[in-house]
Every structure is written in structure tokens, then in C-alpha cells.
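The chains referred to below are lettered A, B, ... by the order of the sequence lines, with proteins before strands, and numbering in each begins at 1. Reckoned from all heavy atoms, side chains included, excluding hydrogens, waters and symmetry mates. As the structure is a prediction and not an experimental result, all values here were calculated from the model.
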Amino acid sequence: MFRNLPLIVALALLGWAFWSSETVAEIASGVAVFLFGMMALEQGLRSLTGGTLERLLRLSTDRLWKGLTFGASATALTQSSTLVSLLTISFLSSGLLGLQQGLGVIFGANLGTTTGAWLMAGPALHFNIGRGALPILTFGVVFILTRHTTLRSVGWVLVGIGFLFLGIQWMKDGFDAFQQAFDLTAWGMTGLKGLAIYTGIGILATVVMQSSHATLILTITALAAGQISYENALAISIGANIGTAVSTGLAAITANIEGRRLAGAHLLFNVVTAAVALTLITPFMLTVEFLAGLVGLAEDNHAVRLAIFHTLFNLAGIGIMVPLIPTMVKVLERVFRSKPAPASKPRYIGDTVAKVPGPAMEAARKELLRLFGRIFTVIATSLNYEPAQLRANSDRRQLIAPPERVRAHDLDALYQDRVKPLHGLIVDFLARVPVEGERARQLVVLRTTSQRLLEAVKDTKHLQKNLVRYLRSSNTGIRGEYLQIRANLGELLNRLDALSQEPGEDLELSLGELAARVEGNDIVTNGHLDQLIRDRAITAEQATSLMNDSAYAYRIANNLIAAARAIFLPFERMDAELREELALESGELRDILQSPDASDRQHGGHAP
Amino acid sequence: MSGKSNFQKFREFLSKDYRDQLKKRDKLIEMLRRMREKQHELEAERAGESHADVQESLDMQIRLLREQRRKGIELLRELRELRRQTRQD
């Protein structure tokens with residue numbers, strides 16, 4: 001009840017204002033329609049330019065100036081710093097962007113938001129934009145009703161622009177009518193007190209409306225109607241800058257570490273910039289007057305002066321903060337420390353990154369690589385290898401040597417503790433990524449991969465029963481066969497682990513070789529099992545066990561190779577779906593192995 | 001004159017499936033090019049190799065690459081056919 005008290009009070013005040021004054025109702029409706037327009041515009045631009053912005057951001061990761069330019073131009077184009085911030089946090093979370101470059105993008109976005117003040121102070125105030133709003137809205141709705149995704153997105157953009165125009169017009173009309181009834185200039189304040197109070201109003205208005213654009217347009221229309229003084233409007237614009245950072249900070253409380261670092265940097269940038277603007281307000285105002293004089297701006301055109309001021313102090317902020325970026329990165333990394341993710345917690349995936357398809361896919365791939373690492377440990381342990389040693393050792397002679405002590409590990413406990421929670425989170429994450437077309441197919445590949453990894457663990461559990469039993473056996477024939485199965489899997493794990501660290505340019509060929517080796521080592525198809533039975537090296541019961549366990553080992557190996565094919569390389573470097581389509585089937589591999597010029601290809605495995 | 005009407009070009013621009021197919025084709029062509037280069041590289045290495053074990057390993061890699069390329073070329077043909085059908089629809 002008490003948590004909702006501010007909302008109840010705000011709604012009651014709004015209701016009272018609507019009831020008591022038509023003009024206040026008009027202004028408030030204008031703000032509401034404007035905010036709705038911003039939301040529609042953001043939705044449309046996200047689906048229309050999402051892919052393009054992602055591609056551009058990928059190209060902006062190597063130089064700071066590129067990040068700054070991207071941030072400024074993308075925000076100016078989309079008029080949404082929220083969209084650019086979200087994209088940046090997603091890229092940071094998935095590791096596609098470093099914090100330093102991310103800060104460049106966010107600082108650039110701050111400059112980009114100042115274009116909003118220009119648009120509002122320029123065309124929006126001088127034309128009857130409300131007249132254009134209705135046709136734009138009509139066309140927008142028609143486009144939204146079409147089947148084409150692109151046209152639908154264009155429709156949302158048009159509807160957004162239409163509502164923005166309508167909102168601005170209502171606010172203008174509201175203030176014009178308000179002027180005749182009340183005089184808000186009587187509340188105007190000068191000096192330090194005025195600066196402090198109106199900066200506070202700017203912060204509060206932006207936090208409440210969740211949009212610095214809405215605060216600025218309200219200020220500009222009030223300024224144009226002569227309802228507030230120029231100096232107070234400047235203070236509100238400074239407050240709006242801090243308000244945006246406060247909103248981002250509040251939203252980042254639930255975000256991951258990258259989101260919090262970025263929000264911290266955003267807050268720091270805006271607070272420092274605001275402090276500079278407030279301290280040096282007189283020199284800034286003189287510069288604005290100088291520039292206004294240069295372009296011959298009319299004496300009473302305070303709206304454009306406000307836009308110049310807004311751009312100037314944000315530029316000053318960039319000038320001050322950009323050289324401090326390396327220090328900021330160090331401070332932010334110290335303040336917001338990334339702790340090692342516990343077994344049940346993901347490292348790359350999260351709610352924020354799930355909203356942007358490209359980084360979401362990359363984050364899921366990296367999380368699956370993490371799962372692969374855990375599955376490596378689980379399988380290596382169940383095979384009675386020390387995981388760290390297996391990673392470092394590729395010598396077949398050592399891999400085939402019997403373990404000093406054969407232990408049966410509790411695979412169920414390992415599975416429940418190390419594999420299942422993370423697997424569940426990945427599956428849940430993949431279900432929430434908004435994808436279509438090519439990306440939807442890539443998502444299916446990732447989902448199948450998570451399933452394959454899980455099946456590899458389940459098959460290991462089945463294999464372990466007889467493996468432990470026969471590794472302890474005194475029958476050298478059957479013991480030798482299980483040592484071979486163990487060494488084959490150990491060798492494969494070692495090779496896959498090395499490839500996961502450095503996939504190289506010829507990953508497909510390396511995996512093809514591994515798959516051929518697995519095929520050649522399959523004792524059921526290469527005739528080795530028949531030979532063992534004929535030679536009476538093993539009993540019929542042992543032959544059945546060996547046949548089943550060889551099939552488990554074969555499945556484990558193939559599932560791990562298929563998973564490697566899907567996740568060892570980023571999607572951009574080579575398409576996982578394509579790699580899967582080009583992967584050779586078991587029959588094709590057998591044909592290669594049985595071709596006339598192919599002699600014995602088993603690498604220490606069983607001779608056919 | 002490409003023979004493509006402006007309406008056709010506009011339809012293709014709007015079709016995400018069509019754009020995805022083009023992207024996939026480009027990736028496949030690039031992949032096949034790299035495989036061919038690797039195969040030539042391995043064949044040259046094989047010609048100068050005297051050690052039997054290494055020869056055998058190189059032979060296996062060459063055969064794998066040939067088979068993968070064959071599948072890739074088949075896939076490229078299928079994609080071409082699919083694009084032709086999409087255009088006709």
C-alpha cells in the first residue's frame with residue numbers, strides 16, 4: 001500500500017488538475033501523447049534499424065572516436081538514448097564491446113540527445129505541426145496493418161512521429177491558453193537559489209516522465225509562451241541531463257555488472273557536466289550570446305539559445321570526460337567488481353541482453369561454451385581422469401594407461417549441481433530472445449546444442465557403470481577394451497578443449513578429422529567386436545556390455561563434436577547452421593574410411 | 001537492363017527470407033573458397049611429404065575436404081533453386 005503511495009498521490013493530483021483546469025489537462029495530455037509517441041517511435045526504430053545499428057556498433061568497437069560518433073549519430077537518428085544505451089549494455093554483457101568503447105558510445109549518446117532540443121526549438125515551434133500529425137498517424141496505422149515486417153516497423157515509426165507532433169501541438173496550445181489565465185513567471189527565481197531549484201525541477205520532471213526529451217519540450221514550449229524565464233529554462237535543461245542519468249541508474253539496479261558500470265559512468269558524466277555547467281553558467285551564457293550574434297538570432301528566440309546552451313555544455317562534458325575514460329574504467333571496475341559466477345548463475349546471459357538478438361545469440365553461445373567446460377569436467381571425472389591433467393595431456397600412451405585408483409563418481413549429484421541449473425537458465429533465455437528468419441534458425445541450433453550436451457552427460461552416466469566395473473576386472477581382454485574406450489574419449493575431450501580455446505581457421509576440417517576418428521573407432525561397425533568374440537577374448541555377456549557401451553561412447557563423441565561445431569566460433573565468423581549442414585554423416589565418413597587408398601586410420605584405436 | 005522490374009526489387013527488399021537466403025549464399029561461397037584454398041595447400045604439402053604417417057594423415061584431410069566441398073556445392077545448388085522458386089512465387 002505504502003509502496004504505491006507516490007503513484008496514488010500523483011494520480012490524485014492529475015485528476016484534480018484535469019477537473020479544475022482545461023488548459024492543464026491539455027498540457028498533461030500533450031505530455032502523455034508525446035511520451036506514447038516516443039515509445040512507438042522507439043519500438044518501430046528498434047525493429048527497423050536494430051540489425052543496422054548492431055552492425056554499425058560492431059564496426060565502432062576498435063576506436064574511441066568511432067564509439068563517440070556512433071553514439072552521437074545513432075541517438076540523433078533514433079532520438080532515443082534509451083535504445084542506444086540498451087544496445088550498448090547488451091554488447092557489453094555479451095563481451096562484443098569493451099567498457100572503454102562502451103563509455104565512448106554513451107558519452108556520444110549524450111551529445112546525440114541534444115539534437116532533440118534543436119528539433120523542438122527549430123521546426124516544432126514555428127510550424128503548425130499538429131496539422132501534419134493526423135495524416136502521418138493515418139498512414140502509420142495503415143502500414144501497421146500490413147503483413148510485411150519492414151512496413152509494419154515503418155508504420156510504428158510514423159505513428160510515433162504523428163503522436164510526437166500531436167503531443168507538441170497540444171502542449172503549445174495548452175501553454176498559449178494558460179498564458180491568458182495564469183502567469184507562471186511570477187514563480188521565476190534568479191541567482192543561485194533559482195539555479196538550484198529549477199535544476200531540481202528538471203531532475204524531478206525527467207525522473208517522473210522517464211524522458212529528458214519530454215522535459216525539454218515542455219520547457220521549450222513554456223519558454224516560447226513566455227511562461228518561464230530563460231535562466232530558469234537553462235537550469236531545467238541541466239537538471240534534465242542529471243535526471244536521465246538518475247533514471248538509467250534506477251533501471252540498472254536490477255541489471256548485470258556491465259549495466260551497472262555503464263549506469264555509473266553515465267551518472268558520473270552527467271553530474272560532472274552539470275556541475276561544470278552550473279559553475280560556469282555565466283561564461284556559457286556569454287558564449288551562447290556570442291554564437292547567437294554570429295548567426296543573427298533574434299533577441300527573443302530563447303528556445304534556440306537553450307538548444308545551443310544544451311549542446312555546448314554537453315560538448316564541454318565530453319571534452320572534460322573523454323581524457324578521463326581510462327581512469328574511469330579502472331574506478332568502475334574496482335567499484336563494481338565482477339564476482340566469479342556460482343554454478344547456478346549465468347555469466348553472460350540476462351534480461352537486458354535478451355532484448356537485442358545479435359548480442360543475445362553471442363551471449364548464449366558463450367554461456368554454452370561455459371556449459372561445455374563443465375561437461376568436460378563431468379565426463380573427464382567419470383572416466384577417472386583428472387580434468388586439469390586431461391586438458392594439458394594429449395599423449396595417447398598416458399591416456400591409455402590404467403588409472404591408479406578406479407572410482408565410481410556420483411554423476412547424478414554432479415549433474416544436478418554443475419549442469420542442470422545452467423542448462424535450464426540457457427533454455428529459458430533462448431526462449432525469450434526475439435528472433436526471426438536466419439537468427440531463428442541459429443537459435444534452434446543453439447537449443448539443439450544445449451540438448452546434445454545434456455545427452456552426452458546422460459550417456460556418460462550409463463557408460464560409467466560398466467566402465468568402472470571392467471576397469472577393475474582381472475580379465476585383461478575386456479579391461480583393455482574399456483581402457484581403449486576411455487582413452488578414445490579422453491583424447492577427444494583433450495582435442496575439443498584445445499579447439500574451444502583456439503578454434504583456428506580450419507575448425508570444420510579439425511572436427512571432420514575427429515568425427516572420422518570416432519567412426520573408425522566404433523568397434524561395432526569396424527568388425528573388431530566380431531573378432532573379439534571369434535577369438536573368445538571376451539564372453540557373450542561381456543560382448544553385449546561392450547556393444548552397448550561402445551554405442552554410448554560413440555553417441556557421447558558425436559554429440560560433443562556437433563556441439564563444438566555449433567558453438568566454438570562466433571556466428572559472424574561462420575554460420576553454425578551452415579557448418580551443421582556441411583558436416584559429414586556417419587555413412588559419408590565410413591565411405592571415406594573405406595576408400596581404396598585409405599589404409600589403417602585408427603589413431604591408436606581398434607584395428608578392424 | 002537486368003530484367004528485374006522495380007516492383008520485383010521492392011518485393012525482394014521487403015522479403016526477409018530472400019535477404020537471409022542471399023546472406024547464407026554469400027557465407028557458403030566464402031566458406032567453399034576457403035576450403036578450396038586449404039585443399040590446394042594440403043595437396044601441395046602432400047606432394048612434398050615423404051613420411052608415410054604424415055602422408056596418410058594428409059590424405060585423410062584432403063578426402064574430408066573434398067567431401068565437405070561436394071556437400072557445400074550441392075547446398076549452393078539447392079539455395080539457387082530455392083531462390084528461383086521464391087522469385088516465381
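- By the 4.5 Å heavy-atom criterion applied to side chains, A:E581 and B:E78 are not counted as neighbours.
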Run the side-chain contact (heavy atoms from CB on, under 4.5 Å) check on B:M35 and A:L582 step by step: do they pass?
CA-CA 12 Å; B:M35 280 179 172; A:L582 293 195; 3.9 Å; yes
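- Between the side chain of B:K38 and the main chain of A:D506, no donor-acceptor pair closer than 3.5 Å is present.
- More than 12 heavy atoms of other residues, nucleotides or ligands lie within 6.0 Å of CD in A:Q501, so this atom counts as buried by the packing criterion.
- You'll find the side chain of B:E67 stays beyond 4.5 Å of the side chain of A:E585, heavy atoms only.
- With a 4.5 Å cut-off on non-hydrogen atoms, B:R70 touches chain A through its side chain but not through its backbone.
- In B:R33, the CZ atom is crowded: over 12 heavy atoms of neighbouring residues, nucleotides or ligands sit closer than 6.0 Å.
- For B:L42, the part lying near chain A is the side chain, with the backbone staying farther off; criterion is any non-hydrogen pair under 4.5 Å.
- Annotation: side chain of A:E508 is not in contact with side chain of B:R34 (no heavy-atom distance under 4.5 Å).
- The shortest non-hydrogen separation linking B:M60 to A:A516 is CE-CB, 4.1 Å.
- One distance of note links CG of B:L64 with CG of A:L509; it measures 6.5 Å at 0.5 Å rounding.
- Heavy-atom distances place no part of A:A515 under 4.5 Å from chain B, backbone and side chain included.
- Both the backbone and the side chain of B:L28 come within less than 4.5 Å of a heavy atom in chain A.
- Under a 4.0 Å N-O distance rule, the pair A:E513/B:R63 does not qualify as a salt bridge.
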